[in-house]
Asker: 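Please see the structure below; I have some questions.
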Amino acid sequence: MQKKRWAIAIAFGLSMSVSAQTKDSIPNPVKPTSGIKSYNSVITKNAKTSIGLFTIHKIEEKYFFEIPDSILGRDILVVSRLSKAGADMRSGGSMAGYAGDQLNENVIRFEKGPTNKLFIKDISYSEHSADSTQPMFRAVANSNIQPIVSALDIKAYNKDSITALNNIVIEVTDLLNSDNDIFFFASRAKTAFKIGGYQPDKSYVVDVKTFPINTEIKTVKTYTKGSLGNASVNGVQSQIGTTGNFTVEINTSMVLLPKVPMQARYADDRVGYFTTGYTDFDLNPQGVKEIQMIARWRMEPKDADIEKYKRGELVEPKKQIVIYIDPATPSKWVPYLIQGINDWNIAFEKAGFKNAIVGKKAPTPQEDPAWSLEDARHSALVYKPSAVPNASGPHVSDPRSGEVIETHINWYHNLMKLVHDWYFIQTAAVDPKARKMQFDDELMGQLIRFVSSHEVGHTLGLLHNFGSSTGTPVEKLRDNKWLTENGHTSSIMDYARFNYVAQPEDNVAQNNLMPRIGDYDKWAIEWGYKWLPQYQTPEAELSFLNKWIIGKLKDRRLWFGSERSHDDPRSQNEDIGDNAIKAGEYGIKNLK
């Protein structure tokens with residue numbers, strides 16, 4: 001399904017390189033001067049106020065942020081998505097241009113500047129030097145000053161009666177009504193969609209909502225269409241742009257990143273994970289070293305269960321991974337999508353956690369009026385009314401550590417056509433239920449469940465493992481008992497699709513014709529998510545992790561074959577078994 005890390009973001013070239021970057025010194029907030037107005041004269045009694053990450057004030061059509069001192073200098077992740085897409089944004093079978101698609105991703109900081117200004121800086125984490133006592137630290141810092149992308153006048157101060165800290169009041173009306181590549185479309189996204197000039201008279205702020213760790217900004221933006229031409233989006237050539245305008249609704253999430261980043265785990269090519277990386281100038285005394293950190297969710301035991309975890313008992317995590325199903329999803333498919341999410345619990349048990357992940361129906365407006373698909377605290381599987389037969393499992397990560405912050409899995413409606421045709425061609429000789437142009441709901445539901453599990457695997461950080469299927473002897477693909485115990489491939493992250501080797505006389509059960517969470521998947525989750533409190537740094541883990549992998553790779557079913565290994569006959573997609581010629585002969589026999 002997903003051949004790139006982020007189905008939308010990579011198409012726009014938005015993946016971020018990462019490292020721990022030295023924070024510029026942050027001046028202490030100055031006391032009010034003659035250029036500052038009194039708080040009550042700026043935030044009048046007519047203000048509509050909500051309190052969260054920032055205190056938000058709306059006065060008529062003006063918006064003000066009240067930013068605590070404690071937020072100054074903190075890293076804030078900004079993610080922009082289409083909440084409503086323009087009708088003419090896509091054509092030619094493009095996968096991009098649907099509600100839920102990611103448009104941009106940045107890390108920013110608010111910093112106090114001179115002359116009563118508050119600066120917004122765009123933060124990069126591409127280069128790193130950790131030892132502040134060495135000249136290299138200063139050299140890296142001097143060559144990586146972070147750009148100021150916006151300067152806002154401080155309108156007033158509000159001294160908090162509890163913390164005695166100054167809250168800085170700024171007006172953000174013009175910022176939200178502008179067209180900038182921090183909060184809205186990235187420049188490459190504009191190129192991909194052939195977006196022309198911004199039309200501020202046809203654009204406006206819909207609303208701003210704030211929550212404990214995030215603020216959500218919803219705006220309507222109108223642009224002219226660019227000149228007619230071809231654009232490649234997700235590898236699909238599309239003709240985009242004619243004349244006139246198109247209008248979109250954009251949701252921009254500002255998420256406060258943890259003050260102390262999660263401890264990273266360094267990547268290893270023998271276990272397939274998506275990564276974020278940076279250049280380290282300290283580790284190689286005669287050069288530089290490229291560091292890659294795996295993408296993974298924070299998975300830790302509750303404080304009360306730490307000793308149980310160390311004894312090897314299964315414990316529930318401090319924070320469960322929750323993935324909601326888009327309310328727009330046809331109701332009959334929701335239980336199968338949830339099953340595909342929950343199937344990963346068997347893998348997390350290998351890492352010591354029970355009930356680590358759960359799929360849930362999104363609450364109704366009656367159950368929770370405040371719940372929103374755009375709220376960055378919620379991860380979701382987003383249903384898209386698209387003729388594109390596909391799905392993808394992207395994720396948004398903390399660039400300092402690789403910690404997955406949230407996901408919006410893309411589920412395109414016409415995926416059902418794809419899995420129908422695959423299953424029909426590959427298994428109809430064995431499964432009578434596959435001999436139909438329209439499958440019954442149970443069969444289609446099980447196919448949906450398999451794809452759901454595959455995309456959630458990407459969201460958990462796992463790459464495709466095109467080598468897993470070669471760990472299965474071809475003749476075992478005809479052995480129903482063996483298949484019940486092992487599955488026809490050791491990883492659901494392979495493109496092994498369905499068991500086309502099984503013959504009619506083998507009496508192989510339907511569930512042994514489909515992929516499921518396998519031995520490799522369990523091992524990969526164990527390696528990535530096992531909590532190792534005895535090691536205080538990523539470097540300290542390396543020796544243990546290396547020996548662990550060496551021991552595990554004695555089992556051929558735990559081998560990782562990268563999709564990038566195009567010339568390796570063991571790492572090919574759409575094949576099954578350890579002998580492609582023999583497996584193909586069985587498949588042709590079934591076709592005949």
Asker: How many angstroms lie between OH in Tyr520 and OG in Ser491, if you round to the nearest 0.5 Å?
Answerer: 6.5 Å
Asker: Check this for me: does any side-chain nitrogen of one of Asp568 and Arg570 sit under 4.0 Å from a carboxylate oxygen of the other?
Answerer: yes
Asker: Strictly below 4.0 Å, N to O, side chains only: are Arg516 and Asp343 in salt-bridge contact?
Answerer: no
Asker: Are the ring centres of Phe110 and Phe54 closer than 6.0 Å?
Answerer: yes
Asker: Using a strict threshold of under 4.0 Å (side-chain N to carboxylate O), is an ion pair present between Glu216 and Lys218?
Answerer: no
Asker: So that I can tick it off, tell me whether Asp305 and Lys318 are bridged by a salt bridge, with the cut-off set at under 4.0 angstrom between side-chain N and carboxylate O.
Answerer: no
Asker: Short question: side chain of His454, backbone of Ile492 - any donor-acceptor pair under 3.5 Å?
Answerer: yes
Asker: Between Lys319, Arg298, Arg296, Arg265, which is the residue that forms a salt bridge (Lys or Arg N to Asp or Glu O under 4.0 Å) with Glu403?
Answerer: Arg298
Asker: Please name all residues satisfying side-chain contact (heavy atoms from CB on, under 4.5 Å) with Pro533, sequence neighbours left out, ordered by chain then number.
Answerer: Lys310, Trp531
Asker: Donor-acceptor pair, Asp555 side chain versus Lys552 backbone, under 3.5 Å?
Answerer: no
Asker: Do you see a donor-acceptor pair shorter than 3.5 Å between the side chains of Asn104 and Asn106?
Answerer: yes
Asker: Whether Arg557 and Asp519 form a salt bridge (side-chain N of Lys/Arg under 4.0 Å from carboxylate O of Asp/Glu) is what I want to check.
Answerer: yes
Asker: Do Thr470 and Asp578 pair up side chain to side chain, a donor and an acceptor below 3.5 Å, judged on atom types alone?
Answerer: no
Asker: Mind telling me whether Tyr273 and Tyr529 have parallel, tilted or perpendicular rings, with 30° and 60° as the class edges?
Answerer: tilted
Asker: When the aromatic ring centroids of Trp344 and Phe348 are compared, is their separation below 6.0 Å?
Answerer: no
Asker: Cation-pi check for Tyr495 against Arg497: NZ or CZ below 6.0 Å from the six-membered ring centre and within 45 degrees of the axis, yes or no?
Answerer: yes
Asker: Under 4.5 Å between any side-chain heavy atoms of Leu103 and Phe184, yes or no?
Answerer: no
Asker: For the residue pair Lys530 and Tyr309, would you count it as a cation-pi contact if the rule is NZ or CZ under 6.0 angstrom from the ring centre and within 45 degrees of the ring axis?
Answerer: yes
Asker: Any donor and acceptor pair, going by atom type alone, linking the side chain of Glu455 with main-chain N or O of Gly393 inside 3.5 Å?
Answerer: yes
Asker: Would you check if there is a donor-acceptor pair between the side chains of Thr215 and Thr210 at a distance under 3.5 Å?
Answerer: yes
Asker: Please report the C-alpha distance between Met514 and Phe498 in whole Å, then the side-chain angles of each, then the deciding distance to 0.1 Å, and finally whether the side chain to side chain contact (heavy atoms under 4.5 Å, CB included) criterion is met.
Answerer: CA-CA 5 Å; Met514 302 182 189; Phe498 305 107; 4.1 Å; yes
Asker: If we ignore hydrogens and angles and just use 3.5 Å, is the side chain of Arg270 paired with the main-chain N or O of Ile549 as donor and acceptor?
Answerer: no
Asker: Salt bridge check: are Glu349 and Lys354 linked by an N-O gap of less than 4.0 Å?
Answerer: no
Asker: Hey, are Thr489 and Ser468 close enough side-chain-wise for a donor-acceptor pair under 3.5 Å?
Answerer: yes
Asker: I'd like to know if the side chain of Gln572 reaches the main chain of His566, judged simply by a donor and an acceptor atom lying under 3.5 Å from each other, with no hydrogens or angles considered.
Answerer: yes
Asker: Side chains of Gln446 and Glu442: donor-acceptor distance under 3.5 Å anywhere?
Answerer: yes
Asker: Without hydrogens or angle criteria, can the side chains of Thr459 and Thr407 be said to hold a donor-acceptor pair below 3.5 Å?
Answerer: yes
Asker: Compare all side-chain heavy atoms of Met254 with those of Phe65 and state whether any distance is below 4.5 angstrom.
Answerer: yes
Asker: State whether the side chain of Asn499 and the backbone N or O of His488 hold a donor-acceptor pair below 3.5 Å, judged by distance alone.
Answerer: no
Asker: Evaluate the side chain to side chain contact (heavy atoms under 4.5 Å, CB included) criterion for residues Leu477 and Ile576: first the C-alpha distance (whole Å), next the side-chain angles of each, then the deciding distance (0.1 Å), finally the verdict.
Answerer: CA-CA 9 Å; Leu477 294 168; Ile576 57 175; 4.0 Å; yes
Asker: Going through the distances and angles, do Asn390 and Asn410 end up as a side chain to side chain contact (heavy atoms under 4.5 Å, CB included)?
Answerer: CA-CA 8 Å; Asn390 212 330; Asn410 300 303; over 6 Å; no
Asker: Ignoring hydrogens and angles, tell me if any N or O in the side chain of Asp375 forms a donor-acceptor pair with the backbone of Ser372 under 3.5 Å.
Answerer: no
Asker: Does the ring centre of Trp523 sit less than 6.0 Å away from the ring centre of Trp548?
Answerer: yes
Asker: Determine whether Leu77 and Val396 satisfy the following criterion, side chain to side chain contact (heavy atoms under 4.5 Å, CB included), listing intermediate values before the conclusion.
Answerer: CA-CA 9 Å; Leu77 183 66; Val396 174; 3.3 Å; yes
Asker: Please check: side-chain N/O of His395 versus main-chain N/O of His458, any donor-acceptor pairing under 3.5 Å?
Answerer: yes
Asker: Any side-chain heavy atom of Asn486 sitting closer than 4.5 Å to one from Leu483?
Answerer: no
Asker: Indicate yes or no: does Arg81 engage Glu406 in a salt bridge with an N to O separation below 4.0 Å.
Answerer: yes
Asker: Under the 3.5 angstrom rule, does the side chain of Ser397 hit a backbone N or O of Pro399 as a donor-acceptor pair?
Answerer: no
Asker: Contact between Glu316 and Lys302 at the side-chain level, heavy atoms closer than 4.5 Å - yes or no?
Answerer: yes
Asker: For residues 325-334, please give each side-chain donor-acceptor pair under 3.5 Å, one per line with the distance, not counting sequence neighbours.
Answerer:
residue: Asp326; atom: OD1; partner: Ala328; partner atom: N; Å: 2.9
residue: Asp326; atom: OD2; partner: Tyr383; partner atom: N; Å: 3.1
residue: Thr329; atom: OG1; partner: Asp326; partner atom: O; Å: 2.8

Asker: Can you see whether Asn214 engages Ser253 through a side-chain donor-acceptor pair at a distance of less than 3.5 angstrom?
Answerer: no
Asker: So, the side chain of Asp575 versus the backbone of Ala496: is there a donor-acceptor pair under 3.5 Å, distance only?
Answerer: no
